2 protein chains.
Amino acid sequence: MNNSYINGFKEALKKENLKFTNQRFSILQFLTNNDGHYDCDSIIDYLKKNKIKVSKATAYRTLDLLVKYDFCRKMVLDDGIARYENKLDATHHDHMICIDTGKIIEFMSPEIEKIQDDIAKDKGYKIIKHVHQLFVKKIS
Amino acid sequence: MNNSYINGFKEALKKENLKFTNQRFSILQFLTNNDGHYDCDSIIDYLKKNKIKVSKATAYRTLDLLVKYDFCRKMVLDDGIARYENKLDATHHDHMICIDTGKIIEFMSPEIEKIQDDIAKDKGYKIIKHVHQLFVKKIS
DNA sequence: ATTATTGCAAATCCTTTGCAGTACC
DNA sequence: GGTACTGCAAAGGATTTGCAATAAT
């Protein structure tokens, strides 16, 4: 297992004048070890099953931090609920979401990436991040 | 001015067994006459300035309806706040959002549209709707 | 020892819902 | 006249915040 992200995490904490705690680390660890898209409650529930107690307050505070330092990605769908996913070592990708089942499938197109860069540049901007979600149904 | 959307609106209302009321119509009218992306409160504030009183309850109920019948589009950013925009007669487009100023610029790329259709088809799905947002900064 | 952390419960914010009075057909 | 509408205020659900007890360096 590649644990090099731990040092990066410690550095981020130092930069923010924060301490390395079990709660913070557990959340990071959960996300880096699990592919998938989790809302705050799911993360807390999972950790609870493993005898690690984290409050919502701490979870949200930690998730904000992880997003800020690029350890994870936040996505908010139309239901207004934030979902988080590992971003470390994960190749960049976007999401296809099945309207019927809620299943999330990842996709990535270098062509699209290039075109959107060009579009932004054209208008005098550079892309900091982007959201690209396809809401789909199975072809019957 | 093209007011043909009024009939479409009346038909939608009939289909839902709903009545044509001033509040509902005012919201539709505001969105069709104004390009832009408005949250619920902004819409209510604007209408209030024009002496039209609409409650939040009614506004949200109406906006849901307008989305359902494709009169407008709902978008939720990471802040969790829903924004609505006119969809009628508007050529399809996506959004570039300036991180610093909040300015929203529209864009549209037929190439991207085609590629994403192909990606979905490839996995056995068809696209019902999509969200494509570029978060950008001005090139300095 | 000092300084930041945690969890709790209360507070916020956006959105939804129940209900009594009001408006449309 | 009957059925649907509106606004209000209360309820809901996700997220944030203040604070006293607790843990990290």
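Everything numeric here is computed off the predicted structure, so don't read it as measured data. Numbers restart at 1 for each chain; the letters A, B, ... are given by sequence-line order, proteins then strands.
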Would you tell me if any nitrogen or oxygen in the side chain of [X] comes within less than 4.0 Å of OP1 or OP2 on [N]?
X     : N      : value
A:T58 : C:dT5  : no
B:Q23 : D:dG7  : yes
B:K56 : D:dA10 : no

What is the distance, to the nearest angstrom, from the [atom1] atom on [X] to the [atom2] atom on [N]?
X     : N      : atom1 : atom2 : result
B:L47 : D:dT6  : CG    : C1'   : 15 Å
B:D41 : C:dC14 : CG    : C1'   : 8 Å
A:L65 : C:dA4  : CG    : P     : 15 Å
A:D78 : C:dT16 : CG    : P     : 11 Å
B:F25 : D:dT6  : CZ    : P     : 14 Å
B:I27 : D:dG7  : CD1   : C1'   : 13 Å
B:K53 : D:dC5  : NZ    : P     : 19 Å
B:K14 : D:dT3  : NZ    : P     : 19 Å

| message | With no hydrogens and no angle check, just 3.5 Å: does a side-chain donor-acceptor pair link A:K74 and A:Y84? | response | no
| Flag for B:D45-B:S42: side-chain donor and acceptor within less than 3.5 Å | no
| Side-chain touch B:I44/B:I27, heavy atoms, less than 4.5 angstrom | no
| said: Would the base of D:dT3 count as contacting B:K19 through its side chain, where contact means a donor and an acceptor less than 3.5 Å apart? | reply: yes
| message | On DNA chain C, does the nearest nucleotide to B:T21 precede the nearest nucleotide to B:R83 from the 5' side, or the other way round? Give the residue. | response | B:R83
| message | Reading DNA chain C from 5' onward, which residue's closest nucleotide shows up sooner: A:A59 or B:Y84? | response | A:A59
| message | Between A:K56 and A:D41, does any side-chain N to carboxylate O distance fall below 4.0 Å? | response | yes
| message | Is it true that, when you exclude A:N50 itself, more than 12 heavy atoms of the residues, nucleotides or ligands shown sit nearer than 6.0 Å to its CG? | response | yes
| message | Among D:dG7, C:dC14, D:dC5, which nucleotide has an atom closest to any side-chain atom of B:I81? | response | C:dC14
| query | Nearest of C:dT17, C:dT5, C:dG7 to any side-chain atom of B:R61? | reply | C:dT17
| field | Nearest-nucleotide 5' precedence on DNA chain D, B:A57 against B:R24 | value | B:R24
